[in-house]
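Below you'll find the structure, written out as C-alpha cells, and then a few comments.
None of the values given here were measured: they were computed from a predicted structure. Whatever order the structure lists them in is the order used to number ligands and atoms, beginning at 1.
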Amino acid sequence: MPLPDRLAHNDDVVLAYEVARRAGDFLAARPDVLHTETKTSDVDVVTHMDKASEAQIVQALRLARPHDGVLGEEGAAQPSESGRTWIIDPIDGTTNYLYDEPFWCVSVAVVDVAGPMVGVVDAPALASTYVAARGAGAWRIDLDGHHQRLAVSTMDSLERALVGTGFGYSSQRRAAQARVLTELLPVVRDIRRLGSCALDLCFVAEGKLDAYYERGVHVWDHAAGALVAREAGAEVTGLHGQPVSEEMCVAGGLVVHRLLRDILESAGADRD
Ligand code: LIP
C-alpha cells in the first residue's frame, strides 16, 4: 500500500509500516481460542497472540536493523548500538482483542535521544493505519490506500470537549482514577474509555477525541501515538511541566490541553 509521498522515502517509516501491517494482518485472523495468562493483576491479561505478534516483529527488526535496540511490552529488550531503539506494543488494547472489540492495534515507534522519530499504529478492525515521522506530518491510511493528513480538533472549550481516558490494572490506581473522574466528568462534554492508549492518541490526532489523558501508560503504549498526535498539532505532555511518562500522559490541541492539564493538576491526577 503506497505511503504518502512525504514519508515514502524514509526507510524507517517503510520498515515500521511493513512490520506493523504484517503483525496486524496476522492478528486480524483471530483464532477461535485465545490462550491467556495474567500479568500485573488478575485483570491484566496477555494472550498467546500478543507474544507471537511481538516475536514476529522482533525477528524482522533483528534481521533488518541488527544494531538498533528493541523494547517490547512482552519482554523484548535488546540494547541499542546505533542510538536508535524500536519500541513495540504487539497488541495495545489486549482486553478489547480478547473480547473481539475493535479498539486494538499494533504500535511501532523508532526513538532516538530526541524522542520518537517514527510512529506507526495499525488498527485492522478499524481499517486504519496511522503513520507519522518527526517534522513530516501525520496521516491515516485506509484499506484502499487513501491518505488523509491529520489535524487535531480546534476545540477551545473544556465544557464542549470529548475526552478519552483509561484505567490501570490495580484496584488502588482505579480508585484514585475514579476520584479524578468525579471532578472532570461534570465539566466536560463526555468521557470515552476506548481501551488503547495508542488509538486514543491517534483519535486526538484525527479530531475524533478533543483530548485524552491517562495515568500509568508505558512507553510502548504512547511512543508511536504521541508522535502521530504531535505531528497533527497536539501537545502531548505530563503534568507540572514534565514530559509524558508513566506518571501521566495528557494530549490535545493547545487550548484544551492547557485547560485539561490545569484541572488534572488541581485534582492531583498524577497521584494514587
Ligand atoms: C492498555 C492501554 C490502555 C490502558 C489499559 C492498558 P495493553 O495497554 O493502552 O490505555 O487503559 O489499561 O494498559 O495492556 O492493552 O497493551
Side-chain angles (χ1 to χ4, degrees), residues 20 23-24 27 30 34 36-55 57-58 71-76 86-109 116 119-126 130 163-178 180-181 184 191-205 208-209 211-229 234 236 238 244-252 260 264 269-270 272:
L27 293 164
R30 198 169 168 279
L34 290 170
T36 62
E37 289 166 35
T38 54
K39 298 199 286 186
T40 59
S41 82
D42 283 351
V43 292
D44 183 6
V45 164
V46 58
T47 75
H48 75 281
M49 294 297 275
D50 295 68
K51 294 181 180 180
S53 169
E54 179 160 310
I57 296 169
V58 170
L71 178 69
E73 178 176 16
E74 306 315 334
W86 294 71
I87 300 193
I88 299 153
D89 192 338
I91 305 180
D92 186 44
T94 298
T95 306
N96 285 334
Y97 186 75
L98 183 63
Y99 282 78
D100 206 8
E101 307 279 1
F103 298 107
W104 58 270
C105 60
V106 178
S107 174
V108 177
V120 175
V121 174
D122 184 49
L126 303 177
Y130 299 88
V163 179
T165 191
F167 309 119
Y169 289 118
S170 82
S171 296
Q172 187 192 355
R173 168 74 45 92
R174 286 181 174 186
Q177 288 171 321
V180 172
L181 263 187
L184 191 61
I191 293 285
R192 292 289 179 270
R193 196 286 195 250
L194 301 179
S196 160
C197 164
L199 281 176
D200 282 305
L201 289 164
C202 292
F203 276 25
V204 169
K208 285 183 171 168
L209 289 173
Y212 161 72
Y213 78 96
E214 184 164 349
R215 171 160 167 73
V217 284
H218 297 92
V219 65
W220 44 77
D221 298 313
H222 62 68
L227 184 66
V228 173
V236 185
V244 57
S245 73
E246 280 184 39
E247 297 298 307
M248 181 56 68
C249 174
V250 191
L260 179 59
L264 292 172
D270 53 354
D272 290 338

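- Note: L199 CG to Y130 OH = 6.5 Å, rounded to the nearest 0.5 Å.
- Residues D50 and T94 have side chains that bring a donor and an acceptor to within less than 3.5 angstrom of each other.
- Atoms OH and CG, on Y97 and L27 in that order, are 4.5 Å from each other to the nearest 0.5 Å.
- Atom-to-atom distance recorded for Q177:CD and L184:CG is 12.0 Å, nearest 0.5 angstrom.
- Each of the following atoms of ligand 1 lies closer than 4.0 Å to a heavy atom of D89: 16 (O).
- Of the protein's non-hydrogen atoms, G93 N, 2.7 Å is the one closest to atom 15 (O) of ligand 1.
- Numbered from 1 in the order shown, with element, the atoms of ligand 1 that lie under 4.0 Å from a heavy atom of T94 read 15 (O).
- One option in V46, D92, L201, T95 has a heavy atom closer to atom 9 (O) of ligand 1 than any other, and that option is D92.
- Annotation: side chain to side chain donor-acceptor pair (under 3.5 Å) contacts involving residues 163-176, sequence neighbours excluded, comprise R173-D272.
- Here the closest heavy-atom approach between residue I91 and residue M49 is recorded as CD1-C, 4.1 Å.
- The protein heavy-atom contact nearest to atom 14 (O) of ligand 1 is Y169 OH, 3.0 Å.
- Of the polar atoms of G166, none of the N or O atoms is found under 3.5 Å from an N or O of ligand 1, judged by distance alone.
- Within 6.0 Å of CG in D100 there are more than 12 heavy atoms belonging to other residues, nucleotides or ligands.
- Here the CZ atom belonging to R193 is positioned 10.5 Å from the CG atom belonging to L181, to the nearest 0.5 angstrom.
- For ligand 1, the polar-atom distance check finds an N/O of F167 within less than 3.5 Å of one of the ligand's N/O atoms.
- With H222 as the partner, the side-chain contact (heavy atoms from CB on, under 4.5 Å) test is satisfied by one option alone out of I87, L201, V236: L201.
- By the 3.5 Å distance cut-off applied to N or O atoms, S196 is not counted among the residues near ligand 1.
- For atom 11 (O) of ligand 1, the closest non-hydrogen atom of the protein is E214 OE2, 2.5 Å.
- Between C197 and ligand 1, at least one pair of N/O atoms sits closer than 3.5 Å.
- Listed by atom number, the atoms of ligand 1 under 4.0 Å from I91 heavy atoms are 16 (O).
- Residue-ligand proximity, E73 to ligand 1, at heavy-atom distances under 4.0 Å covers atoms 14 (O), 16 (O).
- In this structure, H218 falls outside the shell of residues with a heavy atom less than 4.0 angstrom from ligand 1.
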